[in-house]
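Contents: one structure, followed by commentary.
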Amino acid sequence: MIDKFVPDVAAALAGIEDGSVVLMPGFGNGMPETLLEGLIAQGAKDLTLVVNSGGRDTGPTADLLASGRVRKLVCSFVRADSVAGQQFAAGKLELEIVPQGTLAERIRAAGAGVQAFYTPTGADTILAEGRETRVINGRNCLLEYPIFGDVALVDAWEADRWGNLTHRESARNYNPIMAMAAKLTVVQTRHVVALGDIPPANVHTPGVFVHRVVHIPA
Amino acid sequence: MIDKFVPDVAAALAGIEDGSVVLMPGFGNGMPETLLEGLIAQGAKDLTLVVNSGGRDTGPTADLLASGRVRKLVCSFVRADSVAGQQFAAGKLELEIVPQGTLAERIRAAGAGVQAFYTPTGADTILAEGRETRVINGRNCLLEYPIFGDVALVDAWEADRWGNLTHRESARNYNPIMAMAAKLTVVQTRHVVALGDIPPANVHTPGVFVHRVVHIPA
Amino acid sequence: MTFKPLDRVGIAARIARDIPEGWFVNLGIGIPTGVSDHVPVDREVIFHSENGVIGAGPAPEPDKINPYLVNAGTQHITLRTGGSFVHHADSFAIARGGHLDLCVLGAFEVAENGDIANWARKADDPTKQVGGAMDLAIGAKRLWVAMEHNTKGSGESRIRRACSYPLTAKGVVKRVYTDIAVLEVADRGFVVLDMVEGLTRRELQERSEAELYWA
Amino acid sequence: MTFKPLDRVGIAARIARDIPEGWFVNLGIGIPTGVSDHVPVDREVIFHSENGVIGAGPAPEPDKINPYLVNAGTQHITLRTGGSFVHHADSFAIARGGHLDLCVLGAFEVAENGDIANWARKADDPTKQVGGAMDLAIGAKRLWVAMEHNTKGSGESRIRRACSYPLTAKGVVKRVYTDIAVLEVADRGFVVLDMVEGLTRRELQERSEAELYWA
């Protein structure tokens, strides 16, 4: 019997290695906060963190950054006065700023087997400096590569033992695409449901993308 | 008040011009058969038809092909003894054979603003002859371009006046991605529902991709 | 000077007047966010938010906040009847795939060729706030900009022959709504569509670095 | 000859033995389709179908056919509890993105370097049946092939030093299940993992154009 549930956060995060690329969803909500706290406790270092935003002064992203175990941050948005902004200014953090739609598309590309793609986003800007471009149908485009995760930490509202997930409202955000893009996809779910309880037409993230699930009731 | 419903098939298909690229979903089911019959009656010619399969001897795709108004067929699969296979053999039909996953991805790319992408599918095969390739991470990849539709004919189970859709089981197939990829997306729906009746988290094709809807009860 | 510039709310309201029913619209952070407050409820305009919200509605009553529902500014919102949710890649497929009738962004500067600069004040700006602006700018069918005509301190014009700040995208702005005028970006440059009452053509040109044309 | 080749059902059953619980598997048309019939119901293996079905189950009772539910061969199927539906691009994201533990395809020929030819008999074949084979072949974590060891008419070997038919993909086959043997594609070439009872090594080599190695 397939059963992707693990008993606790430590089991969920076992084996995450130094140097891993960690995909972390969240956009105001939908961030796997308990797993993120667990990752700090787990101790992996030299991480590349892929996340929408560098976060504010406080909160889980700031805590992880403050732990000093993130070598590189890949995101669309960093405030100068945030922990990320200060670490970058101090030369302690590598930063790759990616337009948000390109970030989402690069993550989806990793999950979908697309090896590279051309997009007009960011062409003709300083983000394009030194990068490969091509004019397609009269539009200047940048060549973008997939972002593969070693680990994705995912937040869910419901999960069953095959790892089928639902997400609440806009808490869906990056969760389904990051689940697709990692070698190891670990989920924290608010609710556990029986196999078949999620209607087959309304699964938001199919279990094929999920490897471990831990139940975090609240 | 937004209301994408039109009274009949003729109104749904009004304005489709000669030379149009027509995207048509369907894979054993989920094909918009009434719209397809309507397209034959509507009379547009010199069409490029994008569809999963060239179809069998009978059925709606064969009827459209037999009408002589398809100049080019883009699909993943043609039987030699089908109408499409015979027209191709007789030099009456241009044929572009595309691996099925590449076909789906090229359609999705058109909808998503991806201007081109690299995929290993089909590289090192006769489909790659004379085409641009690039080795990425040690894998030979083909450069593929989006397939933009002038018109998409879409099948739905339920639709509301904003054009939000659901699809039944595997009848979903190409419907959501073809809806994204066309300038004019026309839907035939089995059921009409009130705005809000489809749960917001379970809309399969959002109305933003839909322009006209016609109710075909059975 | 006998004219009265619009305040930020006034700019948002002016933009709202020009949005017809049925448009699918994304509003950037800043002045644009306020536009939706000025679209009458009986005029159905569908607002998209980058984080996967289609049909964003107004802020909820304080006792009815849904913590799982925010907009691209991470403010609590409601969902209109008929709205829906998609994931981030599908949401940006909407933005980048040409499915938005309109995007309204704030900006530091707009140039007469339609260039927009709205995310950094210099190449090595310590603030790296590109967010989704570059995707929206290249993807929407129409890009309108909402901004003050001149900078607050030195009064420098944001209506430029060429942008001096790092670009967000090249040649994409169709229209600019400022506190004193509405400008169309045409082939020949900025064409004035509207001005606040009491402002003269000469006064508007004085406040604009780029040359202005009249429709 | 004192050995008995497997029939097509036998090949499918032999493959089913080697699929462990929890694998996510796509079965091609032909011999592979039968594999799922031989996986015991208490061993949870999840079958994927290219048209967007995750968790494909066996054919329904004739009076319980759901016309909206077919597999990649357009045969009526059922959905297992826990199954789900996705659209065609998401379905091929599963196939191309490396999420299938296994794909089993039929083939005309397999070469010792892992090349597979399964869609056309010559470059100008009037039949153009590529379907999803090229996507599955490059995308699955493991590609196994199910086919007869030799052609029906002339008895030519399908186990080749190099494929003579147009390729489906290069260097992707990991294992071949034929009516008389199971072969692993290793760096040095075909390594025999299993043979039908009564068949000798020499007899197997005689039926194979490529050189065989023994594990």
Side-chain angles (χ1 to χ4, degrees), chain A residues 25-30 52-54 75-82 84-86 88-89 95-109 111-112 119-129 139-141 157 167-180 204-205, chain C residues 29 49-54 56 66-79 83-98 115-117 119-120 122-139 163 165-172:
Chain A
F27 191 113
N29 48 39
N52 181 72
S53 152
C75 67
S76 75
F77 193 97
V78 169
R79 288 180 175 79
D81 60 355
S82 66
Q86 288 161 0
F88 172 68
L95 197 56
E96 182 180 345
I97 292 288
V98 183
Q100 201 173 127
T102 295
L103 183 63
E105 190 68 21
R106 288 177 63 190
I107 293 163
R108 189 253 171 207
T119 177
T121 298
D124 309 310
T125 76
I126 56 172
L127 297 185
E129 276 169 21
R139 301 184 82 180
N140 196 25
C141 296
W157 179 249
H167 310 281
R168 281 288 300 265
E169 288 89 11
S170 70
R172 187 179 309 194
N173 58 67
Y174 288 90
N175 283 288
I177 55 171
M178 287 187 168
M180 292 171 70
H204 299 152
T205 300
Chain C
I29 292 168
S49 197
E50 295 97 293
N51 55 324
V53 182
I54 301 173
N66 174 351
Y68 300 98
L69 181 46
V70 298
N71 64 13
T74 69
Q75 299 158 313
H76 293 294
I77 55 168
T78 51
L79 189 76
S84 61
F85 301 105
V86 294
H87 64 53
H88 231 81
D90 281 349
S91 185
F92 275 94
I94 291 170
R96 293 153 62 110
D115 290 0
I116 172 175
W119 72 285
K122 48 187 183 180
D124 60 350
D125 196 325
T127 301
K128 308 285 188 186
Q129 307 193 347
V130 58
M134 291 182 182
D135 308 288
L136 291 161
I138 62 94
C163 290
Y165 291 167
L167 291 190
T168 305
K170 259 183 102 71
V172 290

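Numbers restart at 1 for each chain; the letters A, B, ... are given by sequence-line order, proteins then strands.
- Ring orientation note: the planes of C:His88 and A:Tyr174 are close to parallel, at an angle under 30° on the 30°/60° scale.
- Residues C:Leu79 and A:Glu169 are not in side-chain contact: their nearest non-hydrogen atoms beyond the backbone lie 4.5 Å or more apart.
- Of the atoms belonging to A:Arg168, heavy atoms from both backbone and side chain fall under 4.5 Å from chain C.
- Residue contact with chain A, scored on non-hydrogen atoms closer than 4.5 Å, involves the side chain of C:Val53 exclusively.
- A distance-only check finds no donor-acceptor pair linking the side chain of A:Arg106 to the backbone of A:Val98 [under 3.5 Å].
- Contact of C:Asn66 with chain A is made through the side chain alone, with heavy-atom distances under 4.5 Å.
- Proximity of a side-chain donor or acceptor of A:Asn173 to a complementary backbone N or O of A:Ser170 within less than 3.5 Å is detected.
- Heavy atoms closer than 4.5 Å to chain A are found in both the backbone and the side chain of C:Ala72.
- Residue contact with chain A, scored on non-hydrogen atoms closer than 4.5 Å, involves the side chain of C:Phe92 exclusively.
- Remark: the backbone N or O of A:His167 is paired with a side-chain donor or acceptor of A:His204 at under 3.5 angstrom.
- What you find for C:Gly73 and C:Ile29 is that their closest heavy atoms are CA-CD1, 4.0 Å.
- Note on A:Pro120, A:Cys75, A:Gly101, A:Ala84: by heavy-atom pairs under 4.5 Å with chain C, the leading option is A:Gly101.
- Put simply, of C:Thr74, C:Leu167, C:Asn51, the one with the most heavy-atom pairs under 4.5 Å next to chain A is C:Asn51.
- Considering only heavy atoms from C-beta on, A:Thr125 comes within 4.5 Å of C:Met134 through its side chain.
- Proximity to chain A (any heavy atom under 4.5 Å) is shown, for C:Ser49, by neither the backbone nor the side chain.
- Residue with the most contacts toward chain C among A:Ile97, A:Thr205, A:Asn140, A:Thr102: A:Thr102 (heavy-atom pairs, distance under 4.5 Å).
- Chain C forms the most heavy-atom pairs under 4.5 Å with one residue out of A:Ile126, A:Ile177, A:Val78, and that residue is A:Val78.
- For C:Ala89, the parts sitting under 4.5 Å from any heavy atom of chain A are the backbone and the side chain alike.
- Note on A:Ser53, A:Gly28, A:Ser76: by heavy-atom pairs under 4.5 Å with chain C, the leading option is A:Ser76.
- Minimum heavy-atom separation, C:Pro166 to C:Ala120: CD-O, 3.2 Å.
- Interface remark: of the candidates A:Asp81, A:Leu103, A:Asn175, A:Leu127, A:Leu127 forms the most heavy-atom pairs closer than 4.5 Å to chain C.
- A donor-acceptor pair is defined here as one N or O able to donate and one able to accept, closer than 3.5 Å; no such pair exists between the side chain of C:Asp115 and the backbone of C:Lys170.
- In terms of non-hydrogen atom pairs under 4.5 Å with chain A, the most contact-rich of C:Glu50, C:Gln129, C:His87 is C:Gln129.
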